[in-house]
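Values reported hereafter were calculated over all heavy atoms of this structure, with side chains retained and with hydrogens, waters and symmetry mates removed.
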Amino acid sequence: MLIDDRRFFRAGLRAILESQSKISVVAEGKACEMPSLIKVARPEVILFCFSSYKDSLHPLIQLKKLNQPPSALVITEHISEIGARQLLTLGASGILLQEGISQHLPWAIIAASQGVCALSPEISRRVVSEYTTPVTQSTRKRAAQAKICALTAREREVLELLCEGLSNQEIADALSISSGTVKDHVRAICSKLSVQSRFHAARIAWQAKEFHISS
């Protein structure tokens, strides 16, 4: 199933997919139409195709709320390390860059349908690089864990939800507190972690990934 607000790009993807005998497009539409399309078409894999990966965050959050959601591949023009981590944390089954999409899309869809994470070579190299530099990563992880320990239990809960890409209002709803209180917690988290934004706070949490934030 194709989800893309740009019809011209969606048409190009459809042409690529229709050239593959083992892949069929069961539905396509805009992000706002996704819930009803899933109910009717029951796709195995959904393609989120947006210029900015951030446009995929809310649809991924919606998918997580479903029972047995389909796999989701995100196609974007470019993405940072933080962005890739954010998408994977939210449950994306893979991330592909638009450049070279005709070469990688067919195998990526098959991989995602089989429960395998599919990444463009450029993104895959970053992931491999992270796990082949143990000394640097270990030092970075310990530093991140020390910072996380300075947070209160409630601030850790807020940070955990923040890492999932939730907005202040969505965090407020999840914790049954006001959005103003969430804003105060986010401000305190950024201050204690010595960062300028919620995305940098999430990066520290990801660096401490073997540490259970909510504990």
> Kindly indicate whether the side chain of Glu99, heavy atoms from C-beta on, has any atom under 4.5 Å from the side chain of His78.
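Glu99 does not reach His78 side chain to side chain.
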> Could you go step by step and tell me if Ile46 and Leu37 meet the side chain to side chain contact (heavy atoms under 4.5 Å, CB included) rule?
CA-CA 10 Å; Ile46 295 180; Leu37 289 174; over 6 Å; no
> Identify whether Val25 and Leu73 are in the same connected component of the hydrophobic contact network (ILVMFWY, side-chain heavy atoms under 4.5 Å).
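Cluster IDs for Val25 and Leu73 match.
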> Are the side chains of Leu175 and Thr181 in contact, using a 4.5 Å heavy-atom criterion?
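With C-beta onward as the side chain, the pair stays apart.
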> Among all residues two or more places apart in sequence or in another chain, which pass the salt bridge (Lys or Arg N to Asp or Glu O under 4.0 Å) test with Asp184?
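Salt bridge (Lys or Arg N to Asp or Glu O under 4.0 Å) check on Asp184 returns Arg187.
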> Is any side-chain heavy atom of Ile109 less than 4.5 Å from a side-chain heavy atom of His104?
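A side-chain contact is absent here, since even the closest heavy-atom pair is not under 4.5 Å.
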> Crowded around Glu170 CD? As in, over 12 foreign heavy atoms under 6.0 Å?
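Yes, because the 6.0 Å sphere around CD of Glu170 holds more than 12 heavy atoms from other groups.
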> Between Leu66 and Leu60, is there shared hydrophobic-cluster membership here, with clusters defined by ILVMFWY side-chain heavy atoms closer than 4.5 Å?
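In one cluster with Leu66: Leu60, yes.
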> Is the backbone N or O of Ser93 less than 3.5 Å from a side-chain atom of Ser71, with the two atoms forming a donor-acceptor pair by type?
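Side chain of Ser71 to backbone of Ser93, a donor-acceptor pair under 3.5 Å: no, none is there.
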> Does Asn168 have any side chain to side chain contact (heavy atoms under 4.5 Å, CB included) partners at least two apart in sequence or in another chain, and if so, which?
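So Asn168 forms a side chain to side chain contact (heavy atoms under 4.5 Å, CB included) with Val182, Lys183, Val186, Arg198.
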> Which atom pair, heavy atoms only, marks the closest approach of Ile148 to Ala208?
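Nearest heavy atoms, Ile148 then Ala208: CG1-CB, 4.2 Å.
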> Report yes if the side chains of Arg85 and Gln207 come closer than 4.5 Å at any heavy-atom pair, otherwise no.
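Not in contact.
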> In Å, rounded to the nearest 0.5 Å, how long is the span from NE2 of His185 to CD1 of Ile171?
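Output value for this atom pair is 10.0 Å.
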> Does Gln169 reach the side chain of Ser179, with side-chain heavy atoms less than 4.5 Å apart?
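Yes, at least one pair of side-chain atoms sits under 4.5 Å.
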> Which atoms form the tightest heavy-atom contact between Glu155 and Ile189, and what is the distance?
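Scanning both residues completely, I find the closest heavy atoms to be O-CD1, 3.3 Å.
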> In Å, rounded to the nearest 0.5 Å, how long is the span from OG1 of Thr89 to CD of Glu160?
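Thr89 OG1 to Glu160 CD: 10.5 Å, rounded to 0.5 Å.
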> Answer yes if Val45 and Ile110 sit in the same cluster of Ile, Leu, Val, Met, Phe, Trp and Tyr residues linked by side chain heavy atoms under 4.5 Å apart, and no otherwise.
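Unlinked, Val45 and Ile110 end up in two clusters.
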> Could you see if Val158 belongs to whatever hydrophobic cluster contains Phe199? Use Ile, Leu, Val, Met, Phe, Trp, Tyr and a side-chain cutoff under 4.5 Å.
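No, Val158 and Phe199 fall in different hydrophobic clusters.
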> Could you go through the side chain to side chain contact (heavy atoms under 4.5 Å, CB included) check for Gln86 and Trp206 one step at a time?
CA-CA 9 Å; Gln86 196 169 14; Trp206 288 322; 3.6 Å; yes
> Show the numbers, then the answer: is there a side chain to side chain contact (heavy atoms under 4.5 Å, CB included) between Thr76 and Asp55?
CA-CA 9 Å; Thr76 185; Asp55 292 331; over 6 Å; no
> CG/Asp173 to OG/Ser167 distance, rounded to the nearest 0.5 angstrom?
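So the gap between those two atoms works out to 8.0 Å.
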> Please determine whether the number of non-hydrogen atoms from other residues, nucleotides or ligands lying under 6.0 Å from atom CD of Gln62 exceeds 12.
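Enclosed: over 12 neighbouring heavy atoms sit under 6.0 Å from CD of Gln62.
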> Any chance you could measure Ile101, atom CD1, to Cys49, atom SG, to the nearest 0.5 Å?
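Going from the CD1 atom of Ile101 to the SG atom of Cys49 covers 7.5 Å.
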> Is it the case that one hydrophobic cluster holds both Leu97 and Leu119, taking links as side-chain heavy atoms less than 4.5 Å apart, direct or via other members?
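Yes, one cluster joins them.
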> Do the non-hydrogen side-chain atoms of Leu105 and Ile75 ever get within less than 4.5 Å of each other?
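Answer yes - side chains close enough.
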> For Ser51 and Gln98, which heavy atoms make the closest approach, and how far apart are they?
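In this case the closest contact between Ser51 and Gln98 is CA-NE2, 4.3 Å.
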> To the nearest 0.5 Å, how far apart are CG in Leu166 and CD1 in Ile61?
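The CD1 atom of Ile61 is 4.5 Å from CG of Leu166, to the nearest 0.5 Å.
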> To check you understand the geometry: which heavy-atom pair defines the closest contact between Ala92 and Val74, and what is its length?
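Reported closest heavy-atom pair: CB-CG2, 4.3 Å.
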> Given side chain to side chain contact (heavy atoms under 4.5 Å, CB included), test Lys54 with Leu87 step by step and report yes or no.
CA-CA 9 Å; Lys54 294 180 181 179; Leu87 294 181; over 6 Å; no
> Say you draw a straight line from OG of Ser197 to CZ of Arg203; how long is it, rounded to the nearest 0.5 Å?
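Reported to 0.5 Å precision, the distance equals 10.5 Å.
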> For residues Val195 and Ala201, report the shortest heavy-atom separation together with the two atoms involved.
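In this case the closest contact between Val195 and Ala201 is CG2-N, 3.9 Å.
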> If you measure from the Lys or Arg side-chain nitrogens to the Asp or Glu carboxylate oxygens, is any gap between Glu157 and Arg154 under 4.0 Å?
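Looking at Arg154 together with Glu157, the answer is yes, because their closest N to O distance falls below 4.0 Å.
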> Within 45° of the axis and under 6.0 Å from the centre of the six-membered ring of Phe48, does NZ or CZ of Lys30 qualify?
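No, Lys30 does not lie over the aromatic ring of Phe48.
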> Looking at Glu122, is its backbone amide N or carbonyl O close enough to the side chain of Ser120 to form a donor-acceptor pair, meaning the two atoms are under 3.5 Å apart?
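Answer holds: no.
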> What heavy-atom pair brings Arg156 and Leu151 nearest, and what distance separates the two atoms?
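What the structure gives for the nearest pair is NE-O, 3.4 Å.
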